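Quick notes on the structure that follows.
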Amino acid sequence: VQLQASGGGLVQAGGSLRLSCAASGRTFSNNAMGWFRQSPGKEREFVAAVSWSGGSTIYADSVKGRFTISRDNAKNMVYLQMNSLNPEDTAVYYCAAGAGAYSGSRSTYRYWGQGTLVTVSS
């Protein structure tokens, strides 16, 4: 599976962005998908994940209620809708795919995209 993330940019605090992740490969629909992020000087952290069917999702506490992950297996796409953004959300966002059950653990995900930068100004 190859992944290409897009949709990052500069947004003011309180604004919204929608990240997209395009996947290639016939096994996409069998993979759990996740979004992670990494800020300068920090470890890469879990943001959200969705099961292979799209029927189950989990979120980091820091984004719960503000971010929504979804997927469209017919289009091989995963999305992260981000609302009520604040400067602490500034990071490079990565999409990831893994054959196991969806989770917040980095070890679940074998395939990683190149990342897209989100900058939230105050």
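This chain uses plain numbering: 1 for the first residue, then up along the sequence. Please read these numbers as outputs of a predicted model, since none were measured by experiment.
- Atoms CD and OG, on E45 and S62 in that order, are 5.5 Å from each other to the nearest 0.5 Å.
- Both the sub-6.0 Å distance and the 45° axial angle are satisfied by R18 relative to the ring of Y79.
- Remark: L3 CG to Y94 OH distance equals 13.0 Å, nearest 0.5 Å.
- Contact between A91 and S39 at its shortest, heavy atoms only, is CB-OG, 3.6 Å.
- Within the 3.5 Å criterion, the main-chain N or O of S84 finds a donor-acceptor partner in the side chain of R66.
- When all heavy atoms are compared, the tightest approach of N76 to S24 is ND2-CA, 4.5 Å.
- Atom OH in Y102 sits 8.5 Å away from atom OG in S53 (nearest 0.5 Å).
- Of all heavy-atom pairs spanning V1 and Y111, the tightest one is O-CD2, 3.3 Å.
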Trace of the side-chain contact (heavy atoms from CB on, under 4.5 Å) decision for V47 with L80: CA-CA 9 Å; V47 175; L80 185 68; 4.1 Å; yes

Q4/C21 under side-chain contact (heavy atoms from CB on, under 4.5 Å): CA gap, chis, key distance, verdict: CA-CA 5 Å; Q4 179 76 36; C21 178; over 6 Å; no

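- Proximity of V118 to M82: side-chain heavy atoms (C-beta onward) are separated by under 4.5 Å at one or more points.
- Q114 contributes a side-chain N or O that, together with a main-chain N or O of A5, makes up a donor-acceptor pair within less than 3.5 Å.
- Each of N83, L17, L85, T57 was evaluated against F67; a single residue qualifies, L85, per the side chain to side chain contact (heavy atoms under 4.5 Å, CB included) test.
- For R71 and W52, the positive end is not near the middle of the six-membered ring at less than 6.0 Å and at most 45° from its axis.
- In this pair, F36 and F46 present their aromatic rings perpendicular. The plane angle is above 60°, beyond the 30 to 60° band.
- In this structure, OG in S70 is found 8.5 Å from CD in Q81, a value given to the nearest 0.5 Å.
- Under the 3.5 Å distance criterion, the side-chain polar atoms of T116 are matched with a main-chain donor or acceptor of G8.
- At a threshold of 4.5 Å between non-hydrogen side-chain atoms, the residues R106 and W112 count as touching.
- Separating the OG1 atom in T90 from the CG atom in L117 is a distance of 8.0 Å, to the nearest 0.5 Å.
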Derivation and outcome, side chain to side chain donor-acceptor pair (under 3.5 Å), residues S107 and S105: CA-CA 5 Å; S107 62; S105 172; 2.7 Å; yes

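- Neither Y93 nor Y109 shares a network with the other; the hydrophobic side chains, linked directly or stepwise wherever heavy atoms of I, L, V, M, F, W or Y lie under 4.5 Å apart, form separate groups for each.
- Closest approach of S103 and T108 over heavy atoms only: OG-OG1, 2.5 Å.
- We find the CD-CZ distance between E43 and R37 to be 14.5 Å, quoted to the nearest 0.5 Å.
- Considering every non-hydrogen atom in both V78 and I69, the closest pair reads CG1-CG1, 4.1 Å.
- Looking only at distances, a side-chain donor or acceptor of D72 sits under 3.5 Å from a matching main-chain atom of A74.
- A continuous path of hydrophobic side-chain contacts links V11 to L19 [ILVMFWY only; heavy atoms under 4.5 Å].
- Linking Ile, Leu, Val, Met, Phe, Trp and Tyr whenever their side-chain heavy atoms come within less than 4.5 Å puts M33 and Y59 in one cluster.
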